[in-house]
Amino acid sequence: IVRTKSHLHQFRNIMDADAPGGRKLNFLLQELNRELNTIGAKAEKADVAHGVVELKAEVEKIREQIQNVELSDYKCEKLCVEKLVRQQLI
């Protein structure tokens with residue numbers, strides 16, 4: 001639980017930073033998923049295990065959103081470069 005809290009704190013810090021952090025966030029989400037797996041494996045109560053499943057689903061949603069943002073940023077950057085190249089050729 002301590003490591004999970006640490007990952008969440010670091011995630012918030014990266015999100016608040018001005019620098020791009022997509023890869024770091026993706027890595028942290030992998031680590032968070034591992035921690036949730038550990039918590040789920042050690043849980044003795046069904047409600048804790050069910051909560052872990054719900055949290056893992058939310059982590060996966062966040063990961064998909066981050067990957068979409070990274071892809072969108074890459075496409076935008078590529079389009080901007082292509083536009084600049086075309087302008088110089090005209």
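Only a predicted model underlies this, so the values are computations on that prediction, with no experimental measurement involved.
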Show the atom names and distances, to 0.1 Å, of all donor-acceptor pairs under 3.5 Å that link a side chain in residues 9-19 to residues at least two apart or in another chain.
| unit_1 | atom_1 | unit_2 | atom_2 | d |
| --- | --- | --- | --- | --- |
| H9 | NE2 | N13 | ND2 | 3.3 |

Using a 3.5 Å cut-off and no angle test, enumerate the donor-acceptor pairs between side-chain atoms of residues 56-64 and protein atoms at least two apart in sequence or in another chain.
| unit_1 | atom_1 | unit_2 | atom_2 | d |
| --- | --- | --- | --- | --- |
| K56 | NZ | N37 | OD1 | 2.5 |
| E58 | OE2 | K61 | NZ | 3.2 |

Per the salt bridge (Lys or Arg N to Asp or Glu O under 4.0 Å) rule, what does the pair list look like for residues 39-53, sequence neighbours excluded?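 Residue pairs with at least one partner in residues 39-53: there are none.
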Distance in Å, L55 CG paired with L36 CG, rounded so as to fall on 0.5 Å steps: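 That separation rounds to 5.5 Å.
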Rounded to the nearest 0.5 Å, what separation is found between the CD atom of Q65 and the CG atom of L29?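 Rounded to the nearest 0.5 Å, the CD-CG separation comes out at 10.0 Å.
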For side chain to side chain contact (heavy atoms under 4.5 Å, CB included), just list the numbers for E31 and F27, CA-CA rounded to whole Å, side-chain angles, deciding distance to a tenth of an Å, and then say yes or no. CA-CA 6 Å; E31 292 298 310; F27 175 76; 3.7 Å; yes
According to side-chain contact (heavy atoms from CB on, under 4.5 Å), who are the partners of T4, at least two apart in sequence or on a separate chain?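 Result, side-chain contact (heavy atoms from CB on, under 4.5 Å) vs T4: L8, L32, E35, I39.
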Where do A43 and A49 come nearest, in terms of heavy atoms and distance?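 It is CB-N, 4.2 Å.
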Run the numbers on K24 and L28 for side chain to side chain contact (heavy atoms under 4.5 Å, CB included), then give the verdict. CA-CA 6 Å; K24 290 179 185 178; L28 274 174; 5.5 Å; no
